[in-house]
Amino acid sequence: MHIRGDHAELVVGGRLDVRSAADARTALHTAVDAGGGDLVLDLTELDSWDATGLGVIMGAHRRAGRVGRRLVLRGVPPQMQRLLVATRLHRILAIEGGLEAESLPRV
């Protein structure tokens, strides 16, 4: 996993999972604490995430809210979009441009 950027935008790549969670948590919390306004989390280079990785993102979302910021997800890969829909987290997290239609459940 790699994270690069600053307190306004971070690019996350590789695998966000139990092995990378501690480093990711530290990087996200540092970025949240250092800036103001929206913090964009660009996930276009992210290969996969597991429940722990998703928990790290949710923790950063809560931390951002406590300091008056908003965590915004950008470039969420389709398979991760489906997970956000299945867990209903797409209703809580800010997702730039919304979700692609094919990731939404069919009725």
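The first residue in the sequence is number 1, and the count goes up from there. Remember, predicted model here, so these are calculated numbers, not experimental data.
Qualifying side chain to side chain contact (heavy atoms under 4.5 Å, CB included) partners for I92, counting only residues two or more places apart in sequence or in other chains: M58, H61, L89. Annotation: side chain to side chain contact (heavy atoms under 4.5 Å, CB included) contacts of A27 (sequence neighbours excluded): I3. Partners of H29 by side chain to side chain contact (heavy atoms under 4.5 Å, CB included), not counting sequence neighbours, listed by chain and number: R25, R63.
Note that CG of L41 and CG of L16 are 8.5 Å apart. Values are rounded to the nearest 0.5 Å. S48 OG to Q79 CD: the interatomic distance, rounded to the nearest 0.5 Å, is 8.0 Å. Note that CH2 of W49 is 6.5 Å distant from CG of L83, once rounded to the nearest 0.5 Å. With rounding to the nearest 0.5 angstrom, the CD atom of Q81 is 10.0 Å from the CG atom of L43.
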Practice problem: Give the intermediate values and the outcome of side-chain contact (heavy atoms from CB on, under 4.5 Å) for residues V32 and V67. | Solution: CA-CA 8 Å; V32 166; V67 297; 3.7 Å; yes

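Sequence neighbours left out, the pairs with a member in residues 64-73 that pass salt bridge (charged side-chain N to carboxylate O under 4.0 Å, His left out) are D38-R70. Pairs engaging residues 39-56 under the salt bridge (charged side-chain N to carboxylate O under 4.0 Å, His left out) rule: R4-E45 [sequence neighbours left out]. Residues in residues 5-14 take part in these salt bridge (charged side-chain N to carboxylate O under 4.0 Å, His left out) pairs, two or more places apart or across chains: E9-R74.
Across all non-hydrogen atoms, the minimal contact from A94 to L71 is CB-O, 3.5 Å.
Proximity of L73 to L84: side-chain heavy atoms (C-beta onward) are separated by under 4.5 Å at one or more points. Within the 4.5 Å cutoff, no side-chain heavy atoms of L39 are placed close to those of V72.
V40 is not connected to M1 by any chain of hydrophobic side-chain contacts under 4.5 Å among Ile, Leu, Val, Met, Phe, Trp and Tyr, and they are in different clusters. With hydrophobic clusters built from ILVMFWY side chains whose heavy atoms lie under 4.5 angstrom apart, I95 shares a cluster with V56.
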